[in-house]
Amino acid sequence: MKHHPLVTFDAPYRIYLPDEFFETLVNGRPTWVKAVPLPPVASVNASQVHGQNVEIAHDIFGFAGRTRFYVVLDENIDVNGQGWKQHICQRDNEIVELALNAVNRLLAVYRDQDVNKIGMASFHVLELVRGDLSDISLVVVDDGLNLVPEFAVSWPGFRSICVGDAVLREPNVVASIRDRLAKGVETPIEREILTSARNHLWRQQLRLVPIEANTAFESYTYSALKRAAPGTTIPDSRDVFNKLQELEKVLFSAAAASSMQFNRWFDPELPGWKGLLSTPLKQWHGNCYELRNKVIHRGYNNVTIVEATAALADTKTAITMIEQCIITLVP
C-alpha cells in the first residue's frame with residue numbers, strides 16, 4: 001500500500017464540478033484534485049444564499065459559497081521509515097505550494113472551458129495565491145484515501161474580519177485622489193495595463209505579464225509622442241519602433257533648441273533594433289518585447305517568475321526614462 005500527501009484548503013468563491021477527483025498533469029506529474037462546494041462563511045446581518053443548485057453568475061466574493069479543494073500529490077511516503085513526519089513538516093510549505101499549483105491548473109482550464117446553462121462563461125474565476133486560502137491542512141493518506149493516524153499539519157483559517165483604525169495615507173496621496181475624482185481625470189490606459197500586468201505577476205499568470213507590459217509600453221510611446229509633439233503626423237498604426245524613432249527626433253530637436261544634452265537612443269548607422277543605444281530601451285527590448293514575441297509567435301508557455309518580473313520592471317524603467325526626457329526637454 002502506497003501513501004501520499006493530501007492537502008485541503010478553502011477558496012473564497014465557488015466553482016461547479018462533480019464531486020470527484022480530476023487527474024491533473026502539472027510539470028509532467030499527475031495530481032488529483034477535487035472541488036467540493038461549501039456554504040458561505042457566516043456573517044452577522046449579511047445576506048447569504050446557499051443550496052445544492054444555487055449559482056450566482058460571476059460570484060467573485062463567494063456569496064453562493066466557497067470551494068474546498070482536496071489535492072492528492074503523486075509522491076510516495078514511506079510511513080514505516082524513520083523520521084518521515086519530521087521530513088514532511090520541514091517541507092510543508094513546499095507541499096502546499098505544489099497543491100496550489102495543481103488547483104490553479106484546474107481553475108485555468110475551468111475558466112477557459114466552463115459555460116453555465118444560460119451561456120455565461122466563468123471568466124471571473126481567479127487563480128489563487130496563498131493569501132486567498134483558509135483552513136489549510138496537510139495529512140497523509142493511502143491509496144484508499146484512508147488517513148494515517150496521529151499526523152496532521154494545519155494553518156488556522158480566517159472566520160471573521162476585525163475592523164480597527166483606518167490605515168492613514170500620506171496627505172499628498174489623498175489630495176491627488178480627491179483632485180482626480182473632482183476633475184474627472186482619466187487614468188492613462190498604459191497605467192491601467194501595467195496594473196493588470198502586476199496583478200498577473202502576483203497571481204502567477206506569468207505568460208500574460210510580458211504581453212500586457214509590452215502593450216502598455218507601446219500605448220505609452222504614442223501618447224508620449226502626442227504630448228511631446230502635438231502636431232505630429234505619424235499615424236497611430238505605425239509600429240513601436242517607428243514611434244520611438246520619431247519621439248527620439250522630437251526630443252533631439254527640443255534639446256538642440258534649448259542647448260541641452262540629449263543622448264541618442266539609436267545609432268543611425270545600424271538598421272532596426274540593432275541600433276539601440278539606450279540601456280533602458282535595450283533592457284525593455286530584450287526582456288519584454290522579445291519575450292512577448294516568444295510567447296505570442298512561438299508558443300512559449302514556460303515564462304518564469306524571473307522573466308516576468310524583469311519584463312515588468314524593465315518596461316517601467318523605460319517609461320520612466322522617456323518621461324523624464326519629456327519633462328526635461330519639452331517646454
If you define the side chain from C-beta out and look only at heavy atoms, does anything of [X] sit under 4.5 Å from [Y]?
X    : Y    : value
L206 : E307 : no
T221 : F241 : no
Y16  : R14  : yes
R227 : I326 : yes
S122 : Y110 : yes
F262 : C325 : yes
P5   : L138 : yes
L201 : L208 : no

Any side-chain to backbone donor/acceptor pair from [X] onto [Y]? Under 3.5 Å, distance only.
X    : Y    : result
K85  : E150 : yes
R66  : P39  : yes
N214 : R292 : no
Y300 : N302 : yes
S258 : A256 : no
K34  : V71  : no
S219 : T215 : no
T67  : I15  : yes
T232 : A229 : no
Y220 : E323 : yes

Looking only at heavy atoms, what is the nearest atom pair of [X] and [Y], with distance?
X    : Y    : answer
C288 : A213 : SG-CB, 3.8 Å
L100 : V129 : CD2-C, 4.1 Å
L270 : G275 : CB-CA, 3.6 Å
L25  : P30  : CD1-N, 3.8 Å
V295 : P210 : CG2-CG, 4.4 Å
L329 : L251 : CD1-O, 3.8 Å

Discussion item. Please determine whether a side-chain nitrogen of the Lys or Arg among R264 and E248 lies less than 4.0 Å from a carboxylate oxygen of the Asp or Glu.
Written reply: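 Between E248 and R264 there is a salt bridge, with a charged N closer than 4.0 Å to a carboxylate O.
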
Discussion item. One thing to verify: whether E127 and R111 come together as a salt bridge, which I'm taking to mean a side-chain N less than 4.0 angstrom from a carboxylate O.
Written reply: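 Looking at R111 and E127, the cut-off is met.
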
Worksheet item: Apart from V36 itself, what residues make up its hydrophobic cluster, given side-chain heavy atom links below 4.5 Å?
Response: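 Result for V36 is L6, F21, W32, Y70, V72, V139, V141, L145, L147.
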
Practice prompt. List, by chain and number, the other hydrophobic cluster members for M120, where Ile, Leu, Val, Met, Phe, Trp and Tyr join if side-chain heavy atoms come within less than 4.5 Å, directly or indirectly.
Written response: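 So far as hydrophobic clustering goes, M120 is joined with I118.
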
Worksheet item: Can V33 be reached from V140 by stepping across I, L, V, M, F, W or Y side chains whose heavy atoms are under 4.5 Å apart?
Response: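 Yes; V33 is reachable from V140 via cluster members.
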
Worksheet item: Taking the six-membered ring for Trp, are Y289 and H285 parallel (under 30°), tilted (30 to 60°) or perpendicular (over 60°)?
Response: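 Parallel.
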
Item to complete: Show your reasoning for whether side chain to side chain donor-acceptor pair (under 3.5 Å) applies to T328 and Q324.
Response: CA-CA 6 Å; T328 304; Q324 189 60 43; 3.2 Å; yes

Worksheet item: Got a sec: does the CZ of R105 have more than 12 other heavy atoms crowding it under 6.0 Å?
Response: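 It does not: R105 CZ has 12 such atoms or fewer within range.
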
Item to complete: Output every pair passing side-chain hydrogen bond (donor to acceptor under 3.5 Å, both in side chains) with a member in residues 168-179, not counting sequence neighbours, ordered by first then second residue.
Response: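 Found D179-K183.
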
Hydrogens and angles aside, do [X] and [Y] bring a side-chain donor and acceptor to less than 3.5 Å of each other?
X    : Y    : result
D239 : N242 : yes
S137 : T8   : yes
Q283 : T279 : no

Under 3.5 Å, which donor-acceptor pairs do the side chains of residues 185-197 form with other protein atoms, sequence neighbours left out?
{"unit_1": "T195", "atom_1": "OG1", "unit_2": "R191", "atom_2": "O", "d": "3.0"}
{"unit_1": "S196", "atom_1": "OG", "unit_2": "E212", "atom_2": "OE1", "d": "2.6"}
{"unit_1": "S196", "atom_1": "OG", "unit_2": "E212", "atom_2": "OE2", "d": "3.2"}

Worksheet item: Below 6.0 angstrom between ring centroids: does that apply to W273 and W284?
Response: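 Between W284 and W273, which both carry aromatic rings, the centre distance is below 6.0 Å.
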
Worksheet entry | Listed partners of R203 passing salt bridge (charged side-chain N to carboxylate O under 4.0 Å, His left out), at least two apart |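 Per chain and number, R203 pairs via salt bridge (charged side-chain N to carboxylate O under 4.0 Å, His left out) with D132.
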
Practice prompt. Just do the side chain to side chain contact (heavy atoms under 4.5 Å, CB included) check on D135 and F9 with the steps written out, would you?
Written response: CA-CA 5 Å; D135 293 337; F9 51 73; over 6 Å; no

Nearest-0.5 Å distance, [atom1] of residue [X] to [atom2] of residue [Y]:
X    : Y    : atom1 : atom2 : result
L291 : T304 : CG    : OG1   : 8.0 Å
L106 : L17  : CG    : CG    : 6.0 Å
L107 : D114 : CG    : CG    : 11.0 Å
H3   : N146 : NE2   : CG    : 8.5 Å
E97  : D92  : CD    : CG    : 12.0 Å
L244 : E218 : CG    : CD    : 9.0 Å

Discussion item. Using the ring-ring contact (aromatic ring centres under 6.0 Å, His included) criterion, which residues pair with W202? Sequence neighbours excluded.
Written reply: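 Applying ring-ring contact (aromatic ring centres under 6.0 Å, His included) to W202 gives none.
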
Fill in: Verdict with supporting geometry, W265 and L247, side chain to side chain contact (heavy atoms under 4.5 Å, CB included)
CA-CA 10 Å; W265 297 344; L247 185 55; 4.0 Å; yes

Item to complete: For a side chain to side chain donor-acceptor pair (under 3.5 Å) with E75, tell me which candidate from R91, K2, H4, R29 qualifies.
Response: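 Filter result, single survivor: R91.
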
Worksheet item: Passes ring-ring contact (aromatic ring centres under 6.0 Å, His included), W84 versus F151? Steps please.
Response: CA-CA 10 Å; W84 68 268; F151 177 78; 5.1 Å; yes

